[in-house]
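These notes are about the structure you will find just below.
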There are 2 protein chains.
Amino acid sequence: MSTTNKPRRVTIDDVARSTGVSRQTVSRAINDKPEIDPATRQRILTVAQEMGYRPSRFARGMVRQSTTTLGLVIADVLNPFFPEVVAGVLEAADARGWQVVIYTTASELSREQKVAETVVDHVDACVAFLLDAAAIARVADSGMPFVLMGNEDRPVELSTVRIDFASGIRQAFDHLVSRGHRRIAMIDDRNRAESGAPDVRSGLFTAAAAEYGLPVEPHWRQLATNSVQGGAAAMERLLETAPEVTAVVSYNDMIAIGAMRHAMARGLAVPGDCAFVGFDGLTLGELVDPPLTTLSIDKRRLGQAAVEQAAAQMAGTGAMADTVVRTELMVRAST
Amino acid sequence: MSTTNKPRRVTIDDVARSTGVSRQTVSRAINDKPEIDPATRQRILTVAQEMGYRPSRFARGMVRQSTTTLGLVIADVLNPFFPEVVAGVLEAADARGWQVVIYTTASELSREQKVAETVVDHVDACVAFLLDAAAIARVADSGMPFVLMGNEDRPVELSTVRIDFASGIRQAFDHLVSRGHRRIAMIDDRNRAESGAPDVRSGLFTAAAAEYGLPVEPHWRQLATNSVQGGAAAMERLLETAPEVTAVVSYNDMIAIGAMRHAMARGLAVPGDCAFVGFDGLTLGELVDPPLTTLSIDKRRLGQAAVEQAAAQMAGTGAMADTVVRTELMVRAST
DNA sequence: CTGAAAGCGCTAACAA
DNA sequence: TTGTTAGCGCTTTCAG
């Protein structure tokens with residue numbers, strides 16, 4: 001017959017009792033404090049180990065207000081864009097002795113709300129890629145230091161880290177027009193388009209086209225899910241509805257690569273029949289064939305900047321900053 | 001003159017005082033408990049928001065012993081192998097309502113020790129890619145649920161999730177030999193070789209070669225740092241010391257891709273002059289040219305399995321499990 | 001070198 | 001519906 005009492009956790013008092021010392025002394029032993037007899041320390045440590053004692057994070061955190069935990073919300077670790085941002089965040093957080101908890105929304109708008117809910121009561125500060133307005137508000141209203149990343153239309157009352165898409169798109173046009181392209185299509189991100197946020201990128205695209213005196217047809221724009229497959233699918237549609245385009249600018253490199261590969265599979269020459277420009281500057285883009293021309297951004301820097309802003313908020317300094325990361329055109333063989 | 005008193009945190013008591021209710025009522029309001037007058041709740045919430053009140057994670061955790069935080073130690077988010085594992089871990093952790101804190105060692109053995117130190121007093125359980133024996137011991141001895149990932153030589157007293165490299169290498173040999181290769185080189189991971197752990201992979205490689213009656217020359221083995229560049233550098237050396245090899249098996253896909261590209265840049269035909277086999281089955285391998293033949297493993301599953309084992313340990317169930325993930329040969333154009 | 005007292009901020013259980 | 005009473009497990013004073 002089982003006499004399993006509910007397995008209460010082993011506390012410092014249990015160890016103290018078993019050792020015949022006060023709980024202070026146990027605390028000294030496990031924290032490597034100097035004011036303790038080495039022999040006593042050793043004895044305590046041994047017993048503690050045997051009893052399976054492990055200090056409670058919470059009790060500790062309670063009494064020393066030190067450790068900061070940063071929540072990092074991204075769409076998907078499998079999208080190679082994010083690991084680079086994560087690297088920047090980890091680096092900057094580590095420099096401050098912060099812990100980083102990762103949350104992913106699986107690129108589903110519907111999950112953002114729930115993630116926001118979880119985040120607010122598990123971390124001290126948050127840097128996040130979030131599109132859903134309600135989710136953004138949930139975190140912002142919690143009052144914790146919060147930095148929104150990647151949003152092009154900045155809610156002015158938030159601290160943000162953004163990408164300068166406008167200048168990027170102009171660089172792309174400059175480049176493509178100088179190569180003689182006139183009919184340029186865009187493959188945009190479906191999630192973004194559906195997030196309800198103002199459709200900034202397409203707007204900028206249209207505006208830039210106008211600047212360069214280029215025609216813009218509505219069916220030269222396709223939406224893609226954020227992946228290589230998504231890009232391929234969008235390209236498939238584009239080839240049907242707009243075979244006349246000679247260049248495609250994509251929301252990001254993943255989509256661009258998918259689109260480019262699909263075009264090649266369909267027998268088009270790249271860049272001869274159709275040129276491709278990506279956005280992000282993933283390492284991946286150098287490895288594919290042909291290497292992808294792209295508007296590169298310093299993704300690591302993006303992450304670092306976000307952490308810096310969060311830190312500033314924690315410190316009460318520089319309230320609502322807004323870092324804008326510029327793009328750099330990397331011309332490769334796809335254009 | 002500044003009268004800044006040290007900015008003590010706003011507590012539930014402060015809110016209670018300002019609101020003229022007991023702290024319990026405040027607690028009810030912020031936790032959305034039913035037994036409270038809606039008007040009171042609203043009033044409290046408003047005041048709390050104004051005062052910038054935010055509940056203390058620690059005090060909460062203290063009283064409701066619920067939340068579990070899992071530490072995940074990986075070498076480097078920028079190595080595309082890890083994001084897939086991370087995805088599996090996040091998924092499995094999320095299913096259990098666990099938080100995941102990420103730690104990276106930057107692929108530096110010397111950092112493992114420090115990371116181990118940090119991990120043990122910030123999380124409740126840990127799943128880790130760790131090579132350094134001392135670091136492994138540090139975590140294991142802490143007594144927390146711990147799962148070691150990726151180690152080929154299993155310390156029997158640990159819960160582990162491993163890759164079946166032996167069967168993988170045999171699949172590679174089978175394939176290469178059937179393609180007529182006899183002089184096969186290996187590019188191994190430098191960190192692993194230098195970790196002091198028994199050199200299992202090279203041993204298996206040698207053993208497999210023997211099985212197939214193939215010659216093995218010491219200079220057919222090169223060490224590489226874990227990256228595309230590292231692979232390229234190793235291939236450079238290999239071409240100097242062993243131009244006679246007709247196939248190269250690499251520690252992983254990143255290294256294989258670097259090696260393959262370097263060979264092509266040097267004018268070799270792939271797979272005509274030299275064939276390449278990778279290990280991991282990264283998506284990346286399908287995108288490069290030529291697509292990389294590889295020993296694919298279910299990396300996501302790896303992460304999930306680790307979390308499952310950690311969960312089993314938390315529950316006190318199934319003490320020391322050992323999951324072995326098998327490889328699957330994906331033949332593509334590089335061989 | 002060691003111990004006793006005093007909380008850290010919160011919620012569960014019980015009273016009112 | 002609201003308030004009161006007890007801790008949760010630990011470290012930081014301050015005395016011995």
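So you know, we letter chains A, B, ... as the sequences are listed, proteins then strands, and number each from 1.
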Sidechain N-carboxylate O distance under 4.0 Å for B:R57, A:D121:
no

Whole-Å distance separating the CZ atom of B:R60 from the P atom of C:dG9:
14 Å

Distances for protein N or O near nucleotides 12-16 of chain C N or O, under 3.5 Å:
residue, atom, partner, partner atom, Å
C:dA12, N6, B:Q24, NE2, 2.5

Apply side chain to side chain contact (heavy atoms under 4.5 Å, CB included) to residues A:K114 and A:T105 and explain how you reach the verdict.
CA-CA 9 Å; A:K114 200 174 306 172; A:T105 62; over 6 Å; no

Using OP1 and OP2 only, check whether a side-chain N or O of B:T25 sits under 4.0 Å from D:dG3.
yes

Closer than 3.5 angstrom, by distance alone: can the side chain of A:Q99 be matched with the main-chain N or O of A:L70 as a donor-acceptor pair?
no

B:R54 CZ to C:dC8 P, straight-line distance once rounded to whole Å
19 Å

Do any side-chain nitrogens or oxygens of A:S22 fall under 4.0 Å of OP1 or OP2 in C:dG3?
yes

5'-most contact on DNA chain C: A:P38 or A:R23, nearest heavy atom basis?
A:P38

Could you tell me whether B:D94 and A:R111 make a salt bridge, using a distance below 4.0 angstrom between a side-chain N and a carboxylate O?
yes

Taking only the side-chain heavy atoms of A:E35 (C-beta and beyond), determine which of D:dC10, C:dT2, C:dG9 contains the nearest atom.
C:dT2

Rounded to whole Å, please give me the gap between CG in A:D32 and C1' in D:dT11.
15 Å

Without decimals, in angstroms, what is the distance between A:R17 CZ and C:dG3 C1'?
16 Å

Could A:E308 and A:R96 be called an ion pair, given the rule that one side-chain N must be under 4.0 Å from one carboxylate O?
no

Taking the basic N atoms (NZ, or NE/NH1/NH2) and the acidic carboxylate oxygens, is any pair closer than 4.0 Å for A:D14 and A:R9?
no

Separation of D:dC10 P from A:F58 CZ (nearest whole Å):
12 Å

Could you give the CG-to-P distance, from B:N31 to C:dG9, as a whole number of Å?
17 Å

Looking at DNA chain C, which of residues 39-52 of chain B put a heavy atom within less than 4.0 Å of it?
none

